[in-house]
*Asks:* 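Structure provided below as structure tokens; questions to follow.
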Amino acid sequence: MTELLTPDELRTALEQAIKGKSANKSPFSLAWASGKLSREHLSRWAENHYHYVGPFADYLSYVYARLPADYVEAKDFMLQNMYEEEIGGDRHTDLLIRFAEACGTSRERVENPDNMSATTRALQSWCYCVAMREDPIVAIAGLVVGLESQVPSIYRKQTPTLRDKYGFTDEEVEFFDLHIVSDEIHGERGYQIVLEHARTVEMQQKCLKICEIGAQMRLLYTTALYNDYVGSEVPLAELGLAA
């Protein structure tokens, strides 16, 4: 890439940077969507996922603090996103813990960092690193476009199974219903911020690369959940994947 992309071209390039690396393609996600996971497997997911998404408002706060004062709409979006995570109704982590308890684990286990895998710890660390060290617009590309914008497509495949196969109630799966709606909005706002402010070739290149890395990080994290907790019980062949 040696020439500046138009907003439409950049949007397409950002989408392509994520395409093929969606966490939907991981064996854990496939096992979930097909109803092959046990409630114990879902408990392990919740115990790990808490430590990835629990600090999301923290990640965003580091980015917010470094955005230029005249990036008013971007700053407003980051504040709104943080508000929704923490105090705009039910705290999102409390909804996640409600689901975790319905799976059979406990708040104490979910909140204990000793119960996350090394790969989850790596994803959390990457998010902090991006939030604190990258240019704020690049950080939004990585955290909001590369990671958060994937959520609705993932949860749309998983949530019906939670109701139909496992029998969870609407209250128990509220975490997923909420994020299907909110993260679609957040992801689109993230795209618009990047399209508006990534207006040099170098900045566009950095945004594209970090989107690709963000998607790879989430895919790696989700695949590790299968390797760590599921693989010995649900082989790849059962999911239509080559071993």
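All figures in this text were calculated on a predicted structure; none of them were measured in a lab.
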*Asks:* Go through the steps to decide whether Phe175 and His92 satisfy the test ring-ring contact (aromatic ring centres under 6.0 Å, His included), and finish with yes or no.
*Replies:* CA-CA 7 Å; Phe175 174 84; His92 290 191; 7.1 Å; no
*Asks:* Hey, does Arg199 have a side-chain heavy atom less than 4.5 Å from the side chain of Pro7?
*Replies:* yes
*Asks:* Nearest 0.5 Å, please: how far is CG in Leu195 from CG in Asp8?
*Replies:* 8.0 Å
*Asks:* Would you name the heavy atoms of Cys211 and Leu14 that are closest together and state the gap between them?
*Replies:* SG-CD2, 3.7 Å
*Asks:* Which residue is it: Arg189, Arg218, His186? I am looking for the one with a side chain to side chain donor-acceptor pair (under 3.5 Å) to Glu148.
*Replies:* His186
*Asks:* Using a strict threshold of under 4.0 Å (side-chain N to carboxylate O), is an ion pair present between Arg109 and Asp114?
*Replies:* no
*Asks:* Test: side chain to side chain donor-acceptor pair (under 3.5 Å). Region: residues 95-105. Which pairs qualify, not counting sequence neighbours?
*Replies:* Glu47-Thr105, Arg98-Glu174
*Asks:* Would the distance check show the side chain of Ser61 and the main-chain N or O of Asp58 forming a donor-acceptor pair, the cut-off being under 3.5 Å?
*Replies:* yes
*Asks:* Are the side chains of Ile137 and Tyr71 in contact, using a 4.5 Å heavy-atom criterion?
*Replies:* yes
*Asks:* Got a second to check how far Lys21's NZ is from Gln16's CD, nearest 0.5 Å?
*Replies:* 8.5 Å
*Asks:* Tell me whether Arg156 at atom CZ has more than 12 heavy atoms from other residues, nucleotides or ligands lying less than 6.0 Å away.
*Replies:* yes
*Asks:* Quick one: are Met116 and Gln124 in side-chain contact, heavy atoms under 4.5 Å?
*Replies:* yes
*Asks:* Any side-chain to backbone donor/acceptor pair from Glu172 onto Thr169? Under 3.5 Å, distance only.
*Replies:* yes
*Asks:* With sequence neighbours excluded, what pairs up with Phe176 under the ring pair (Phe, Tyr, Trp, His ring centres under 6.0 Å) test?
*Replies:* Trp32, Trp45, Phe99, Tyr155
*Asks:* For the pair Tyr166 (side chain) and Leu37 (backbone), establish whether a donor and an acceptor sit closer than 3.5 Å, ignoring hydrogens and angles.
*Replies:* yes
*Asks:* Is there a path of hydrophobic side-chain contacts, each under 4.5 Å between heavy atoms, that joins Leu79 and Phe77?
*Replies:* yes
*Asks:* Salt-bridged, Asp94 to Arg107, with N to O below 4.0 Å?
*Replies:* yes
*Asks:* Quick check against the 3.5 Å criterion: does Asn81 have a side-chain atom that pairs as donor or acceptor with the backbone of Leu60?
*Replies:* no
*Asks:* Could you tell me whether Arg11 and Glu15 have a side-chain N and a carboxylate O separated by less than 4.0 Å?
*Replies:* yes
*Asks:* Would you give the length of the straight line joining atom CG of Leu162 to atom SG of Cys103, rounded to the nearest 0.5 angstrom?
*Replies:* 7.5 Å
*Asks:* Does this structure show an ion pair linking Asp135 with Arg66, if we count only N-O contacts that are shorter than 4.0 Å?
*Replies:* no
*Asks:* Any idea which heavy atoms bring Val110 and Ala46 closest together, and the distance?
*Replies:* CG1-O, 4.1 Å
*Asks:* Which pairs pass ring-ring contact (aromatic ring centres under 6.0 Å, His included) with one or both residues in residues 103-129, sequence neighbours excluded?
*Replies:* Tyr59-Tyr128
